[in-house]
Protein chains: 2
Amino acid sequence: MKNRKTALQHIENPPLRERVLDVLREAIINGDLKPGDALRETELSESLGVSRAPLREALQILSTEGLVETVPYHGTTVRVLTKTDIEELYSLRSVLETFAVRQIIARNPPDHVQVLYGCFHEMLAAAENNDLKSVNQIDRNFHTTLIELSGHSLLQTSWNVVSMRVRQVMALLNRRNSNLTQIAYNHLPIIQAIEATHEQEAVRLIEKHVAASGELIVERWQVMDGANGT
Amino acid sequence: MKNRKTALQHIENPPLRERVLDVLREAIINGDLKPGDALRETELSESLGVSRAPLREALQILSTEGLVETVPYHGTTVRVLTKTDIEELYSLRSVLETFAVRQIIARNPPDHVQVLYGCFHEMLAAAENNDLKSVNQIDRNFHTTLIELSGHSLLQTSWNVVSMRVRQVMALLNRRNSNLTQIAYNHLPIIQAIEATHEQEAVRLIEKHVAASGELIVERWQVMDGANGT
DNA sequence: CCTACGTCGATTGTCGACATTCGACAGACG
DNA sequence: CGTCTGTCGAATGTCGACAATCGACGTAGG
């Protein structure tokens, strides 16, 4: 029985709370649950077919992740995003990704750039097929990979929170009619700068990349938010 | 009844889970609960005099905060800190504080430096009284104030996690026999650089300040960890 | 008609009991 | 004697029911 070659897939048995958590997170991130929506415990637990206990635990986690807002004795709602929230989101994202890039260059590990090039080529292929959904997914994957390659687990934890909120924002305003191939090629110089271990250049490019993305979002947000504010 | 002048204190009525959370957090941060200690639900709920439901919710939150580690069906333990954890902790802390300082200088709001000077003078007074406990508390307060003054609520959220772990580490190796007055004066140039809006200088000083603090901790950690590792 | 109070309903908070999981020990088998 | 298997116990996971809380509505009083 020892050292069996055929690596059988490990069977997971996650507690209910994990399943519930994933379902709710996806729903929020995909925009099925929109900001401001009330998450009533009784209602949700019935429609999910679980009791309130694991549901509440899932909501707790979502709350600390910042995807929902819980007011004691008053319930839980999907977090409403303001313009300030988005600005903060992208500015912190820039800080974290910048740090990741610096770490990658400092550790300069072997064949890590290859993984990034792999992402790039995938993205390019998807872009040429005009496959918006895939491009978005690979784009996320690229940035998450950047964080992972830093080898900094605490950074990764912080990133998860930021990353999920970015996904939520993106889902609420899916970038249509953009030049996908252009988006893909935007990532190339970043990879090259990392490969060449040009820290300053890489940092500059990442900051520009994230800032551009953020400004695009904030711009569209203004339109969506409509006529509130001065 | 309207516009009553005497500002009566608002009476809080936090759910049990909040109380439990605070108690456990304090216990971990203060070192009453040491890394590796098992947090058995039945045991804890009885000694705290609450049922397992609010206790579990508190543990969930501590888990996402990274203070404890929960393995499904196996229980919760106080997170064990490795040397790598501490290095990561202080490197991320440096990134976040640096960002905060840049934000403060960029927004350059009125009389914010005064608050920092206030912290400094308090710390100096405590240091001259050789009051280690107060110095530590004011030191924490100084850095938290720095984050708050950035006006970046998302940064504040991320900071909380880092901050609590730093407290935990500090409690496990309380810095004895240090020159308290020296510690206090270390903060002065940072405030001055912020006041003069010298961004580069301020960033440099903060990085140095945090790095020095981190190295001191890691050094002592080596000793405590004893004879494990090569 | 307006204000202030009391009541109601809906929702969250808390509890104790039961079900499930998993490691560890002990015993049977080769 | 070593290995495998079955059982047991202690812990977590889940559930349904009850209690506490708070806003909103309706009503009595001025």
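The figures that follow rest on heavy atoms only: side chains count, while hydrogens, waters and symmetry mates do not. Predicted model only: the values in this text are computed from it and were never measured.
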Can you tell me the distance, in whole Å, between the [atom1] atom of [X] and the [atom2] atom of [N]?
X	N	atom1	atom2	answer
B:E46	D:dT12	CD	P	12 Å
B:L16	D:dC18	CG	P	20 Å
A:I11	C:dT20	CD1	P	18 Å
B:L44	D:dT12	CG	C1'	13 Å
B:E18	C:dT12	CD	P	16 Å
A:E43	C:dT12	CD	C1'	14 Å

Requested in this report: With side-chain hydrogen bond (donor to acceptor under 3.5 Å, both in side chains) as the test, would you mind laying out the steps for B:T76 and B:T70 before giving the verdict?
Outcome: CA-CA 4 Å; B:T76 305; B:T70 299; 3.1 Å; yes

Write out a two-atom table: protein N or O, nucleotide N or O from nucleotides 22-25 of chain D, distance below 3.5 Å.
residue : atom : partner : partner atom : Å
D:dC22  : O3'  : A:H74   : NE2          : 2.7

Report task. Quick one: closest heavy-atom pair of B:R79 and B:P35, and the distance? Result -> O-CB, 3.3 Å

Requested in this report: Taking all heavy atoms of B:L55 and all of B:S45, pick out the closest pair and write down the distance.
Outcome: CD2-N, 3.7 Å

Please tell me if the side chains of [X] and [Y] come closer than 4.5 Å, counting only heavy atoms from C-beta onward.
X	Y	value
B:V68	B:L33	no
B:L96	A:L92	yes
B:R25	B:E65	yes

Query - Donor-acceptor under 3.5 Å (B:S63 side chain, B:L59 main chain) - result: no

Query - Bending between helix ends of the helix from C:dC1-D:dG30 to C:dG30-D:dC1 [5 pairs per end, 10° resolution] - result: 10°

Query - Residues within residues 47-71 of chain A bordering DNA chain C, heavy-atom distance below 4.0 Å - result: A:R52, A:R56

Query raised in the report: With sequence neighbours excluded, what pairs up with B:R19 under the salt bridge (Lys or Arg N to Asp or Glu O under 4.0 Å) test?
Result: none

Report task. Indicate whether OP1 or OP2 belonging to D:dG13 is found under 4.0 Å from a side-chain N or O atom of A:R17. Result -> yes

Requested in this report: Please report the C-alpha distance between B:S163 and B:H143 in whole Å, then the side-chain angles of each, then the deciding distance to 0.1 Å, and finally whether the side-chain contact (heavy atoms from CB on, under 4.5 Å) criterion is met.
Outcome: CA-CA 9 Å; B:S163 167; B:H143 292 278; over 6 Å; no

Requested in this report: Please list all pairs passing the ring pair (Phe, Tyr, Trp, His ring centres under 6.0 Å) test where one or both residues lie in residues 56-109 of chain B, with sequence neighbours left out.
Outcome: B:F99-B:H152

Could you give the side-chain donor-acceptor pairs of residues 110-123 of chain A under 3.5 Å, partners two or more places apart or in another chain?
residue : atom : partner : partner atom : Å
A:Y117  : OH   : A:E195  : OE1          : 2.7
A:H121  : ND1  : A:Y117  : O            : 3.1

